[in-house]
Protein chains: 2
Amino acid sequence: MDATRQCMSDQIRHALAERIYSGKLPPGERLVELQIAREFDTSQTPVREAFRELEALRLVESNPYRGTRVREVSPREMAEAYLVRGVLEQLAAELAAPLVRGKVEKLRDALDGIAAGAKAGDAKLYAAENLKFHRWIVEAADNRILLQSWEALSFETRIGLSVARSSPQELVERIQIHIDIANALDVGDGQTAGLLLRHHSHGLTSVWKDREANPVEPATMSKVSTDL
Amino acid sequence: MDATRQCMSDQIRHALAERIYSGKLPPGERLVELQIAREFDTSQTPVREAFRELEALRLVESNPYRGTRVREVSPREMAEAYLVRGVLEQLAAELAAPLVRGKVEKLRDALDGIAAGAKAGDAKLYAAENLKFHRWIVEAADNRILLQSWEALSFETRIGLSVARSSPQELVERIQIHIDIANALDVGDGQTAGLLLRHHSHGLTSVWKDREANPVEPATMSKVSTDL
DNA sequence: AAAAGACCGATTATCGATAATATGTACCGG
DNA sequence: CCGGTACATATTATCGATAATCGGTCTTTT
């Protein structure tokens with residue numbers, strides 16, 4: 001938002017978020033207030049405020065008098081998040097389609113990146129470009145609330161990438177659906193793009209749902225409503 | 001979570017949220033840290049922490065060195081929120097249906113409350129029961145992430161109550177769709193229930209879409225909309 | 001008179017210190 | 001040897017005071 005972050009608490013929040021997303025601070029890692037304060041050459045107060053904000057973003061978790069630590073995301077939560085993300089992106093596609101028909105150049109750029117990453121077996125590049133691809137669609141929907149809701153799930157999904165390992169071949173297989181999505185949006189077919197996105201996201205839940213004793217039950221996707 | 005809120009910042013957050021939801025603190029109202037601190041007989045620090053948490057809940061908005069105030073929700077945001085809520089509830093219905101088939105007693109209780117509120121023209125009752133109805137479905141989906149995403153929209157929708165107007169007759173007309181939704185869930189038809197929910201929520205966006213130009217006049221505030 | 005700048009009061013952001021609480025460890029009676 | 005209690009230690013929660021910044025007002029300059 002601001003180029004010049006004047007508030008120390010904002011700087012700290014930014015830095016910590018970066019470390020968490022990058023994996024430098026792994027899930028479960030304890031965050032000690034005075035320790036971080038010393039590192040940033042500041043006092044405890046701004047650190048605590050940064051914690052409160054990070055907590056709201058669900059990046060960290062804190063209990064009274066017991067401290068703050070990087071949040072752990074269970075497989076179940078991952079599966080749940082992908083279900084939600086699926087319907088959000090479906091809506092995004094439906095809203096975006098009429099607005100972006102014939103104007104999906106940027107989306108195809110990300111598509112190229114995805115393909116490059118997949119074929120090179122570069123999971124990091126794939127993840128970055130994939131995120132760019134999906135975000136573009138959600139932003140194109142021109143619905144701020146939708147974007148915020150979607151972003152609120154970014155932690156789960158981003159963290160997932162660094163945890164779940166998909167084979168290079170699986171990545172290559174996922175190229176096609178992204179191509180189909182881009183094509184559908186290009187011709188203004190939001191229904192199709194939406195369905196593809198929802199299916200795509202739903203498919204990813206299977207990666208997670210069997211990793212725990214009690215997996216989430218996905219909806220029957222065979223007859224997905226295409227209304228509205 | 002805890003019955004005994006030991007942290008002052010939690011107490012403050014709780015109290016302020018209550019006031020905002022109830023309307024005692026109207027949108028736009030400025031919140032001065034030391035003022036609130038004095039009122040709760042505490043210092044500035046816990047108040048600031050409460051602000052950070054409320055900000056994350058999007059109940060308040062703050063700018064560095066410029067203070068914190070109760071967030072204003074624009075008609076556009078309201079319309080956007082209902083679109084998002086629609087797909088979330090659609091997903092909720094699809095997930096919940098197989099789990100609640102034949103076990104929707106509680107839902108019908110809320111249904112009775114909705115009908116009673118509508119027929120009596122009791123907007124407040126209608127609102128409360130309506131909220132209960134929808135929340136029951138989302139909880140029944142047994143997806144914590146979905147519930148969190150849904151709750152994140154509660155501010156927009158709850159605040160809307162005090163701004164939007166619906167005639168008593170409109171409320172009565174909305175009874176039927178709730179009945180249909182409950183019936184569909186009762187027989188395990190999540191597809192139908194989901195579609196009805198999405199349509200229902202989508203329909204409410206129209207209430208907001210064209211309101212930007214002509215704001216509500218105080219005189220007509222008696223007709224309070226209570227839906228969702 | 002209008003624009004620019006300095007000043008003032010109010011409020012926020014941060015600090016250093018203190019109180020409160022949790023966790024781990026040694027000690028005690030059994 | 002074990003369960004349980006008191007103490008020591010580490011860390012969090014809060015406090016009171018100070019520094020930084022904003023917004024408006026009052027000059028000053030052209």
Side-chain angles (χ1 to χ4, degrees), chain A residues 1-20 24-72 155, chain B residues 1-20 24-72 155:
Chain A
M1 24 183 92
D2 300 43
T4 51
R5 304 205 158 271
Q6 31 196 345
C7 290
M8 189 53 92
S9 55
D10 282 344
Q11 288 183 39
I12 295 172
R13 171 170 59 81
H14 214 66
L16 291 181
E18 180 61 33
R19 290 182 198 177
I20 293 172
K24 253 183 278 185
L25 286 175
E29 183 87 347
R30 175 99 185 268
L31 298 175
V32 179
E33 298 174 356
L34 281 173
Q35 211 168 357
I36 294 172
R38 274 195 299 274
E39 180 189 334
F40 286 88
D41 195 38
T42 182
S43 77
Q44 194 185 353
T45 313
V47 177
R48 282 178 64 81
E49 294 199 15
F51 281 6
R52 289 296 98 82
E53 296 171 27
L54 291 170
E55 189 177 11
L57 296 173
R58 303 222 307 275
L59 277 121
V60 306
E61 200 168 16
S62 46
N63 309 85
Y65 288 109
R66 303 172 89 249
T68 298
R69 53 186 61 227
V70 179
R71 200 164 73 88
E72 314 226 28
F155 178 54
Chain B
M1 29 179 84
D2 299 46
T4 50
R5 305 208 155 269
Q6 29 198 341
C7 289
M8 188 54 92
S9 54
D10 281 345
Q11 287 182 39
I12 295 172
R13 171 170 59 81
H14 217 64
L16 292 181
E18 178 61 32
R19 289 184 200 176
I20 293 173
K24 254 183 279 185
L25 285 175
E29 183 87 348
R30 175 102 184 266
L31 299 175
V32 179
E33 296 174 358
L34 281 174
Q35 211 168 357
I36 294 171
R38 274 194 299 273
E39 180 189 334
F40 286 87
D41 194 38
T42 183
S43 76
Q44 193 184 355
T45 313
V47 177
R48 282 178 63 81
E49 294 198 16
F51 281 6
R52 289 297 98 81
E53 295 170 27
L54 291 170
E55 188 177 12
L57 295 174
R58 305 221 306 276
L59 284 157
V60 307
E61 202 169 15
S62 47
N63 308 86
Y65 288 107
R66 303 173 91 245
T68 298
R69 53 186 62 227
V70 180
R71 201 164 73 87
E72 315 226 27
F155 178 54

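A, B, ... follow the sequence lines: proteins, then strands. Residue 1 opens every chain.
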Value in whole Å for how far the [atom2] atom of [N] lies from [atom1] of [X]:
| X | N | atom1 | atom2 | result |
| --- | --- | --- | --- | --- |
| B/Gln44 | D/dA13 | CD | C1' | 15 Å |
| A/Tyr65 | C/dT21 | OH | C1' | 6 Å |
| A/Ile12 | C/dA13 | CD1 | P | 14 Å |
| B/Arg38 | C/dT12 | CZ | P | 11 Å |
| B/Asp10 | D/dT12 | CG | C1' | 13 Å |
| B/Phe40 | D/dC15 | CZ | C1' | 18 Å |
| A/Glu33 | C/dT14 | CD | P | 15 Å |
| B/Ile36 | D/dT14 | CD1 | P | 15 Å |

Inset, instruction - Identify which nucleotide among D/dC15, C/dT14, D/dT12 has an atom closest to any side-chain atom of A/Met8, counting heavy atoms from C-beta outward. - result: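 Ranking D/dC15, C/dT14, D/dT12 by closest atom to the A/Met8 side chain puts C/dT14 first.
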Inset, instruction - When you get a sec, tell me which of D/dT12, D/dC22, C/dT14 is the closest nucleotide to the side chain of A/Val32? - result: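 Looking only at side-chain atoms, A/Val32 lies closest to D/dT12.
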Work out which heavy atom in [X] is nearest to a heavy atom in [Y]; give both atom names and the distance.
| X | Y | value |
| --- | --- | --- |
| B/Ala17 | B/Leu54 | CB-CD2, 4.1 Å |
| B/Phe40 | B/Met8 | O-CE, 4.1 Å |
| B/Cys7 | A/Pro64 | SG-CB, 3.6 Å |

Legend entry - Short side-chain N/O contact to C/dT21 OP1/OP2 from A/Arg66, under 4.0 Å: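 Checking C/dT21 against A/Arg66, no side-chain N or O comes under 4.0 Å of OP1 or OP2.
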Inset, instruction - Indicate whether OP1 or OP2 belonging to C/dT14 is found under 4.0 Å from a side-chain N or O atom of A/Thr45. - result: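 So the side chain of A/Thr45 is outside the cut-off, no N or O lying under 4.0 Å from OP1 or OP2 of C/dT14.
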Pair [X] + [Y], salt bridge at N-O below 4.0 Å:
| X | Y | answer |
| --- | --- | --- |
| A/Arg13 | A/Glu53 | yes |
| A/Arg52 | A/Glu55 | yes |
| B/Glu72 | B/Arg58 | no |

Legend entry - Expected output: side-chain B/Arg69 to main-chain B/Gly28 donor-acceptor under 3.5 Å: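 Side chain of B/Arg69 to backbone of B/Gly28, a donor-acceptor pair under 3.5 Å: yes, one is there.
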Inset, instruction - Answer with base, sugar-phosphate or nothing: what part of the nucleic acid does B/Thr42 contact at a heavy-atom distance below 4.0 Å? - result: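 Sugar-phosphate: the residue B/Thr42, judged by heavy atoms under 4.0 Å, touches backbone atoms but no base.
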Inset, instruction - With a 4.0 Å heavy-atom cut-off, tell me which residues in residues 46-57 of chain B come close to DNA chain C, sorted by residue number. - result: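 B/Arg48 - these, ordered by number, are the residues of the stretch whose heavy atoms sit under 4.0 Å from the strand.
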